[in-house]
There are 2 protein chains.
Amino acid sequence: MNFDLIIIGSGAAGLAAAMYAGRYKMKTVILEKEFGGETATAGKIENYPGILSIDGYDLVLRMKEHALHYGAEMQEGKAVKLSRDSNLISVETSKGEKYLGKTLILALGAQRRYLGLEREKELTGKGVHYCWTCDGPLFGGKTVAMVGGGDSSVKGVNFLAEYASKIYLIARGKEVVAEPVNFEQMKGLGRKVEIITENEIKEFVGKDKLEKIILKNPYKGSSELKLDGLFVEIGFDPNTELPSQLGIKLDDKGYIEVDNKMRTNVEGVFAAGDATSHFGSFKQDITAAALGAVAATSAYEYSKSH
Amino acid sequence: MNFDLIIIGSGAAGLAAAMYAGRYKMKTVILEKEFGGETATAGKIENYPGILSIDGYDLVLRMKEHALHYGAEMQEGKAVKLSRDSNLISVETSKGEKYLGKTLILALGAQRRYLGLEREKELTGKGVHYCWTCDGPLFGGKTVAMVGGGDSSVKGVNFLAEYASKIYLIARGKEVVAEPVNFEQMKGLGRKVEIITENEIKEFVGKDKLEKIILKNPYKGSSELKLDGLFVEIGFDPNTELPSQLGIKLDDKGYIEVDNKMRTNVEGVFAAGDATSHFGSFKQDITAAALGAVAATSAYEYSKSH
């Protein structure tokens, strides 16, 4: 299957790139592993300029419709192998399908971080959760914990407060750093929320599901905390495997280095969104979408001149 | 009047910056000369990711509501004088009002270009027009011309075609270069549109209003072209006057140089949108909004650490 442009990733960056490419009349395919990237599970989005409030899933759905409207094609498939000859870039999926493109946009996003605790995998979905928008509603009237010290974990606490009766926010650092609006909203929840700083989880305890956690340092005189559920929100790591296969230059944190046209160091290969280092740690839907638009424009210019 | 942040300009960049700043709980004022910047008069916007189609005016109106929702204040006023002491930036308006800010975002956009013909000013609004979304509907069943060879002029032709019975597109260059979707739409209009390339207007003729134009080179055997109206769409120049007052570094075309955090070379002063050179000539609503978000975030970080 031959395309003018292959886009790997169907988050805000990939979808915005596909929409622009469609307008440029490029034959475009989006390879999606999981629909909508991080945005799809981000919960309420209230900072996409022009849209006062929207669920992240609905936002990427709208972006998808926008991309399909201009003729982009969407295919399920996890890209596992990238290569490049003098003219074309080849993308192979885990199902063995092969896509050939004149240009490629890597809109890979970044992978969620895990705690790395012993029974974490076994208890996932059984009291240990990663997507609070998806699983939060399961904990109506229950006691839960959120692990993380940044803005997303505070947003998560605010979301969970609509369901849970008690929420512990467990942060490794000395303080929780979040957007003031979100932090104030959390403070407004009063005694429903308890913030435990300079602490970490040592162990998960429970038979078939999480029943309690053991903390590294005692909290209110006890190292044990009884919980019905726990959410992990401790950041993301970029996917470095795929770009490395093409010899794409990464920064020291593993994010793809791009110039202001979203060009990587490899001809015909562009990147956009959270997988890039363009705006540093400031990774938002509005920036991902803009970088996607820029990448598509550069891919279009490249394909015209090659 | 003291603020954490003063934003000059109320287009997509300025409004997105104000919304983000409001979320950061910064006391923010937007100084607006004309509401909505270029977006407000850009006609139909169909490439803002997530919004299939919206009038530009409505898009900036939504962005304004979004900014006001988070507490930003909007003031009419043309900034004419900028200065900076060690702590504060001062902005004076043409009405003599003075605003003091810890930080400043220049979201100045760029100024529309004129043809520079002798009777251009006198006939403005009397057959010579610059905003086709505003004035196009006045020419129902009439013969009009659009001057320009780029995407905006082609979009203008497509818009005018809903009203006018005949449209000439006059371009100085050898060809008209536009987004393929827009170009194809224009071609679909058939004989209603005639494209005149490698030509220019020498003279406007008409008593109280434009009646005809004199072309530099004859077209179909005549240098005269009878017109009811003419629209000028030949690009933009950035505002260099205000940034120069603060010693802000500009590129060779007069656009503000910024780094990836939208910092200018002057402490506490940031820039965003079409006034910057960040994405080169790729100047879109989605990029303006993203750069506004980045600028506000940097202004917030600066104000916290100073």
Side-chain angles (χ1 to χ4, degrees), chain A residues 12-13 15-20 22-26 39 45-54 58-67 69-71 179-184 258 260-262 277-282 284-294 296-298 300-301 304, chain B residues 12-13 15-20 22-26 39 45-54 58-67 69-71 179-184 258 260-262 277-282 284-294 296-298 300-301 304:
Chain A
L15 293 171
M19 183 268 282
Y20 264 81
R23 288 177 61 89
Y24 297 144
K25 304 269 173 197
M26 297 178 87
T39 306
I45 308 276
E46 297 188 319
N47 58 5
Y48 190 77
I51 301 179
L52 205 56
S53 184
I54 188 169
D58 292 329
L59 179 60
V60 277
L61 209 59
R62 283 206 207 173
M63 288 184 177
K64 176 184 171 179
E65 281 162 15
H66 206 166
H69 177 78
Y70 287 110
E179 268 200 52
V181 272
N182 296 326
F183 196 81
E184 276 185 27
V258 285
N260 288 17
K261 286 181 174 288
M262 299 305 114
S277 60
H278 192 70
F279 291 129
S281 63
F282 186 66
Q284 303 276 297
D285 287 299
I286 187 67
T287 52
L291 299 183
V294 174
T297 305
S298 298
Y300 171 63
E301 283 165 6
K304 273 202 313 183
Chain B
L15 293 171
M19 183 267 283
Y20 265 81
R23 288 176 62 89
Y24 296 144
K25 303 270 173 199
M26 298 178 86
T39 306
I45 307 275
E46 297 188 320
N47 57 6
Y48 191 76
I51 300 179
L52 206 55
S53 184
I54 188 169
D58 292 330
L59 179 60
V60 277
L61 209 58
R62 283 207 207 171
M63 288 185 176
K64 175 184 170 178
E65 281 163 15
H66 206 165
H69 177 78
Y70 287 110
E179 269 200 51
V181 273
N182 296 326
F183 197 81
E184 276 185 27
V258 285
N260 287 16
K261 286 182 173 288
M262 299 304 115
S277 59
H278 191 68
F279 290 129
S281 62
F282 187 66
Q284 304 276 297
D285 287 299
I286 187 67
T287 52
L291 299 183
V294 175
T297 305
S298 299
Y300 171 63
E301 283 164 6
K304 272 201 315 184

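Please read these numbers as outputs of a predicted model, since none were measured by experiment. Every chain is numbered from 1 and lettered A, B, ... according to where its sequence line falls, protein lines coming before strand lines.
- Ranked by heavy-atom pairs under 4.5 Å with chain A, the list B:Phe183, B:Tyr300, B:Tyr24 is led by B:Tyr24.
- Contacts of A:Tyr70 with chain B are made by side-chain atoms alone, with heavy-atom separations under 4.5 Å and no backbone atom involved.
- Inter-residue side-chain proximity for A:Ile286 and B:Tyr20 is flagged as met; some heavy-atom pair is nearer than 4.5 Å.
- When each of B:Pro180, B:Ala12, B:Gly22 is checked for heavy-atom pairs under 4.5 Å with chain A, B:Pro180 comes out on top.
- A:Asn182 touches chain B through its side chain: at least one heavy atom from C-beta onward sits under 4.5 Å away, while N, CA, C and O do not.
- Using cut-offs of 30° and 60° for the angle between ring planes, the A:His278 and B:His278 rings count as tilted.
- With rounding to the nearest 0.5 Å, the separation of CE in B:Met63 from CD1 in A:Ile51 is 9.0 Å.
- Taking chain A as the reference chain and counting heavy-atom pairs below 4.5 Å, the highest number among B:Gly292, B:Ala289, B:Ala288, B:Ala67 is found for B:Ala289.
- When heavy atoms are compared at a cutoff of 4.5 Å, A:Leu61 does not approach chain B at all.
- In this structure, chain B has heavy atoms under 4.5 Å from both the backbone and the side chain of A:Thr287.
- The CD atom of A:Glu301 sits 8.5 Å away from the CZ atom of B:Phe282 when rounded to the nearest 0.5 Å.
- Contact of B:Tyr48 with chain A is made through backbone and side chain together, with heavy-atom distances under 4.5 Å.
- A donor-acceptor contact shorter than 3.5 Å links the side chain of B:His66 to the backbone of A:Glu46.
- Only the side chain of B:Leu291 comes within less than 4.5 Å of a heavy atom of chain A; its backbone N, CA, C and O stay farther away.
- The shortest heavy-atom contact between A:Asn47 and B:Met19 is O-CE, 3.3 Å.
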